[in-house]
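First up is the structure itself, then whatever we jot down about it.
Side chains are part of it too, since the values below use all heavy atoms of this structure and drop only hydrogens, waters and symmetry mates.
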Amino acid sequence: MTTKAYGARAADLPLESMDITRRTPGPRDVQIEIRYCGVCHSDLHTVRSEWGGTKYPCVPGHEIVGQVSAIGEKVTRFKVGETVGVGCLVGSCRECPSCKAGLEQYCEVGFVGTYNGPTDDPPGHTLGGYTQRIVVDEYFVLKIRHPEEQLAAVAPLLCAGITTYSPLRHWKVGPGQKVGIVGIGGLGHMGIKLAHAMGAHVVAFTTSESKRQDAHDLGADEVVISRDPAQMQAHARSFDFILDTVAASHDLDALTTLLKRDGTLCLVGVPELPHPSPNVAVLVFGRRSIAGSLIGGLPETQEMLDFCAEHGIVSDIEMIPIQDIDRAYERMVRSDVKYRFVIDSQTLR
């Protein structure tokens, strides 16, 4: 079937309206009419081939919320009319140890991304959510239990939400722990909300005094201006866990010195240039760790969505028509959004 989409035909061209082809649903497929699609910084990196390897035409978007409009004859988990989501994955080998453990994001063969991944469908690579509809294997479709009025703000949970939820859960963040969230942006604002809901004492780190009240409003118990050495020193050796969401190269020693013995600094941002080498002595003499985390697998992503529905958690968003996507990209580069853009997919019409 043919459907309207927005995508780029080359790295140096703006996004434009185009017609793309979607496969007819197979036996295990779910066809989804997309209502909202969040805008991730990964979309911009891929469209502009800043990470290399982009296949064109490129239709980005992996924070998808919509309604089931058709199902294959062997689909058992979904019915027509249900509200569902699709995140960053639409395929994996399903056989390797990671996949069998429900950790498809670490598929040892390589997961299939919602866009720019290999597929037999035309044009030979996956096309994402900046479009009217998508067809996905039911295993990679998620149930959405939030109320109707929150659906647009649910979309970024499919990437920003799970990217922060997964490490918080893996390191068992909860009551009695002191947890730091570095950066108050698309990822960081979700990290604050989730860590607060998990019962931790949450400290937000920001370089900007102007974000202090925002951080408190999001659920932070304390706010530290990381440019102020005195404020940083006041928290030395006191954190159980710090989630660093900043995707720019920076000094990790300033954060590892804040960890307790056996504390962990977890990175979820991938900088364009490497971080300066950390001081190994800080790690050795406190049995501290620097770790990394990707998104979550399908079971954990569903768990995150259910947790957020139970606690009334959604992203803070600004809705845009698809025609404003290039302007939104430029604003995103300047961090001029609180805190995620979401496309109203009806504007594709």
[atom1]/[X] to [atom2]/[Y] distance, rounded to the nearest 0.5 angstrom?
| X | Y | atom1 | atom2 | answer |
| --- | --- | --- | --- | --- |
| Ile64 | Cys159 | CD1 | SG | 11.5 Å |
| Thr207 | Asp228 | OG1 | CG | 12.5 Å |
| Ile322 | Gln346 | CD1 | CD | 12.5 Å |
| Ser98 | Gln105 | OG | CD | 7.5 Å |
| Ile184 | Thr206 | CD1 | OG1 | 4.5 Å |

Glu82 vs Lys79, salt bridge (Lys or Arg N to Asp or Glu O under 4.0 Å): CA-CA, chis, key distance, verdict | CA-CA 6 Å; Glu82 283 190 287; Lys79 297 178 181 178; over 6 Å; no
Minimum heavy-atom distance between [X] and [Y], given as atom pair plus value:
| X | Y | answer |
| --- | --- | --- |
| Gly85 | Leu158 | C-CD1, 4.5 Å |
| Ser208 | Ser210 | OG-OG, 2.5 Å |
| Ile144 | Val84 | CG1-C, 3.4 Å |

Is the shortest side-chain N to carboxylate O distance from [X] to [Y] below 4.0 Å?
| X | Y | value |
| --- | --- | --- |
| Arg169 | Glu303 | yes |
| Glu16 | Arg9 | yes |
| Lys74 | Glu138 | no |
| Arg48 | Glu330 | yes |
| Arg35 | Asp344 | no |
| Arg340 | Asp316 | no |
| Asp121 | Arg22 | no |

Side-chain contact test, heavy atoms from C-beta onward, threshold under 4.5 Å: evaluate it for [X] versus [Y] and give yes or no.
| X | Y | value |
| --- | --- | --- |
| Val86 | Leu142 | no |
| Ser293 | His170 | no |
| Glu222 | His201 | yes |
| Thr264 | Leu259 | no |
| Cys99 | Tyr106 | no |
| Leu305 | Val154 | yes |
| Val179 | Leu243 | no |
| Met190 | Tyr165 | no |

Cluster question for you: counting only ILVMFWY and a side-chain heavy-atom cut-off of under 4.5 Å, with indirect links fine, are Leu187 and Leu255 together?
-> no
What pairs of residues pass the ring-ring contact (aromatic ring centres under 6.0 Å, His included) test when at least one of them lies in residues 213-250, not counting sequence neighbours?
->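 Found Trp171-Phe241, Phe205-Phe239, His235-Phe239, His250-His275.
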With a cut-off of 6.0 Å (strictly less than), are more than 12 heavy atoms of other residues, nucleotides or ligands near [atom1] of [X]?
| X | atom1 | result |
| --- | --- | --- |
| Arg327 | CZ | no |
| His146 | NE2 | yes |
| Arg94 | CZ | yes |
| Lys143 | NZ | yes |

Ignoring hydrogens and geometry beyond distance, is a side-chain donor-acceptor pair present between [X] and [Y] at under 3.5 Å?
| X | Y | answer |
| --- | --- | --- |
| Ser238 | Lys178 | yes |
| Tyr329 | Asp43 | no |
| Glu104 | Tyr139 | yes |

Verdict with supporting geometry, Thr114 and Thr126, side-chain contact (heavy atoms from CB on, under 4.5 Å) | CA-CA 6 Å; Thr114 306; Thr126 52; 5.8 Å; no
Which pairs with one or both residues in residues 256-274 pass salt bridge (Lys or Arg N to Asp or Glu O under 4.0 Å), sequence neighbours excluded?
-> Asp240-Lys260, Asp262-Arg287
Check against salt bridge (Lys or Arg N to Asp or Glu O under 4.0 Å), Glu310 and Arg145 | CA-CA 9 Å; Glu310 178 184 350; Arg145 296 184 170 93; over 6 Å; no
Of the options Ile343, Val342, Asp324, which is the one that meets Met319 in a side-chain contact (heavy atoms from CB on, under 4.5 Å)?
-> Val342
Given side-chain contact (heavy atoms from CB on, under 4.5 Å), test Cys40 with Glu63 step by step and report yes or no.
-> CA-CA 8 Å; Cys40 178; Glu63 300 175 350; 3.8 Å; yes
